[in-house]
There are 2 protein chains.
Amino acid sequence: MRKNTRGSLIWLRMTRFVDQSNLLSNHFLKPYQLTTAQFDVLMQLFVYQPLTQSELAEKVTVTQGGISRMLVRLEQEGLIKRTQEWKTKTISLTDKGQQKLAHVFEDQLAFQSSLFDDCLSESEQKQLYALLSRIQKNSERKWKQYKGGQ
Amino acid sequence: MRKNTRGSLIWLRMTRFVDQSNLLSNHFLKPYQLTTAQFDVLMQLFVYQPLTQSELAEKVTVTQGGISRMLVRLEQEGLIKRTQEWKTKTISLTDKGQQKLAHVFEDQLAFQSSLFDDCLSESEQKQLYALLSRIQKNSERKWKQYKGGQ
DNA sequence: CCCTTTCACTTGAGTGGTAAAGTGATGTTA
DNA sequence: TAACATCACTTTACCACTCAAGTGAAAGGG
């Protein structure tokens with residue numbers, strides 16, 4: 001039996017890359033007392049705040065339950081605040097969260113960029129981004145279809 | 001302050017894609033009572049068995065502790081066996097594991113392929129694979145360097 | 001021959017994720 | 001108005017992962 005297809009090879013490379021770069025990212029974020037997942041949440045808030053929990057969960061590809069606990073922790077750290085109106089909780093960064101993010105920001109973006117700048121030219125990065133956008137939209141479509149159906 | 005770089009945009013698309021496709025993959029594997037991580041381990045064993053725990057951990061980008069627990073579960077399910085020689089445990093698939101994998105195999109490869117076949121041409125997939133190989137090797141180098149240093 | 005190192009693996013505490021069941025306010029409807 | 005549905009969030013139980021400390025067997029040096 002065949003041991004792979006082109007798709008499976010791409011998939012393998014990509015998951016390995018993401019796993020490895022997450023480890024590295026956690027390493028670089030450790031001095032700031034943040035994890036990669038937490039940074040992701042704070043970034044989304046920075047760009048789109050205020051958001052409801054559901055909207056945030058959607059943006060970071062996490063379930064309701066998952067975001068609920070992450071936000072409990074981030075709230076305990078004093079990095080975000082949740083204000084309840086009606087049945088909805090609106091999430092935004094506290095001043096402390098805002099400041100922390102400002103500190104981490106440049107470093108993390110530089111780290112992320114280095115993963116690609118090291119070995120890909122400008123135009124290759126553009127190509128890669130274009131291809132990734134297409135497959136990500138495809139998986140998002142499939143995912144929503146699956147979630148919608150059940 | 002700038003909210004992104006080209007690298008950070010690529011990184012975001014890729015992590016979202018991997019997260020979403022993992023969800024879908026877990027969904028498709030559920031009828032077989034397997035998770036994506038378990039399938040990954042079984043596949044590596046299928047291709048490279050026999051392996052020690054350390055070699056396996058390396059291949060699936062997981063720590064010693066992580067692989068230890070996964071293998072306990074897979075052993076309880078009777079899908080793998082671990083035979084101790086000296087201080088090393090050698091891992092291989094049981095007949096049951098071999099059979100299970102044979103059943104799942106085609107479906108999972110077809111699923112993985114569909115993620116790309118849906119929206120990328122043959123030559124685009126080749127391009128994508130080439131670019132990913134380069135960045136994955138780069139991150140692997142950095143990761144090993146980091147692990148080696150500490 | 002004991003003492004230490006090393007090596008491969010395990011364990012503990014904690015984070016991050018899922019699915020599925022629970023909670024508690026706010027409509028909606030007979 | 002009592003019963004029901006719905007919506008946003010929480011909780012529970014589980015898997016997967018990390019780091020760091022622990023274990024136990026073998027190997028080497030005084």
**OP:** Ignoring backbone atoms, establish whether A:K30 has a side-chain N or O less than 4.0 Å from OP1 or OP2 of D:dA20.
**Re:** yes

**OP:** Would you check if there is a donor-acceptor pair between the side chains of B:Q38 and B:R73 at a distance under 3.5 Å?
**Re:** no

**OP:** Could you work out which one of D:dC9, C:dG17, C:dT10 sits closest to the side chain of A:M70?
**Re:** C:dG17

Original post:
Rounded to the nearest Å, what distance is computed from the CG atom of residue A:L34 to the P atom of nucleotide D:dT18?
Top reply: 19 Å

Original post:
Taking atom P of C:dT15 as reference, at what distance in whole Å does atom CG of A:N26 sit?
Top reply: 13 Å

Subject >> Closest nucleotide among D:dC15, C:dT18, C:dC9 to the B:L23 side chain >> reply: C:dT18

Original post:
Any chance the side chains of B:Q136 and A:R13 put a donor and an acceptor closer than 3.5 Å?
Top reply: yes

Subject >> Interatomic distance where CZ belongs to A:R16 and C1' belongs to D:dC17 [whole Å] >> reply: 14 Å

Original post:
What is the distance from CG of B:N22 to P of C:dG16, rounded to the nearest Å?
Top reply: 17 Å

Subject >> Comparing B:T61 and A:I91 on DNA chain D - which has the more 5′ nearest nucleotide >> reply: A:I91

**OP:** Please tell me which of the listed nucleotides, C:dA20, D:dC9, D:dA16, lies nearest to the side chain of B:A37?
**Re:** D:dA16

**OP:** Starting from P on C:dC9, measure out to CD on B:E58 and report it in whole angstrom.
**Re:** 13 Å

**OP:** Starting from C1' on D:dA16, measure out to CG on B:D19 and report it in whole angstrom.
**Re:** 14 Å

Original post:
For the pair made of CD in A:Q76 and P in C:dG14, what is the distance, rounded to whole Å?
Top reply: 13 Å

Original post:
Are B:Y32 and B:F105 close enough that their ring centers fall under 6.0 Å?
Top reply: no

Original post:
A:Q64 near the nucleic acid: base, sugar-phosphate alone, or nothing, with a heavy-atom cut-off under 4.0 Å?
Top reply: base

Original post:
Atom CG of A:L29 to atom C1' of D:dT18: distance rounded to whole Å?
Top reply: 14 Å

**OP:** Counting heavy atoms from C-beta on, name the nucleotide in C:dT10, C:dG16, D:dC15 closest to the side chain of B:R73.
**Re:** D:dC15

Original post:
Where the side chain of A:S54 is defined as all heavy atoms beyond and including C-beta, which of D:dA20, D:dA8, C:dT18 is the nearest nucleotide?
Top reply: D:dA8

**OP:** Scan B:I67 against the nucleic acid and name what it touches under 4.0 Å (heavy atoms): base, sugar-phosphate only, or nothing.
**Re:** nothing

**OP:** Assess the side chains of B:S113 and A:T5: does a donor N or O sit below 3.5 Å from an acceptor N or O?
**Re:** yes

Original post:
Which of the following nucleotides, D:dT18, D:dA16, D:dT11, is nearest to the side chain of A:S68?
Top reply: D:dT11

**OP:** Decide if the gap between the ring center of A:F116 and the ring center of A:F17 is smaller than 6.0 angstrom.
**Re:** yes

Original post:
Do A:K142 and B:S114 have side-chain N/O donor and acceptor atoms under 3.5 Å apart?
Top reply: yes

Original post:
A:T63 side chain: which of C:dC9, C:dA19, D:dA20 is closest?
Top reply: C:dA19

Original post:
Does OP1 or OP2 of D:dA16 have a side-chain N or O of B:T35 closer than 4.0 Å?
Top reply: yes

Original post:
Taking N and O atoms by type only, does the side chain of A:R69 place a donor or acceptor under 3.5 Å from a partner on the base of D:dT12?
Top reply: no

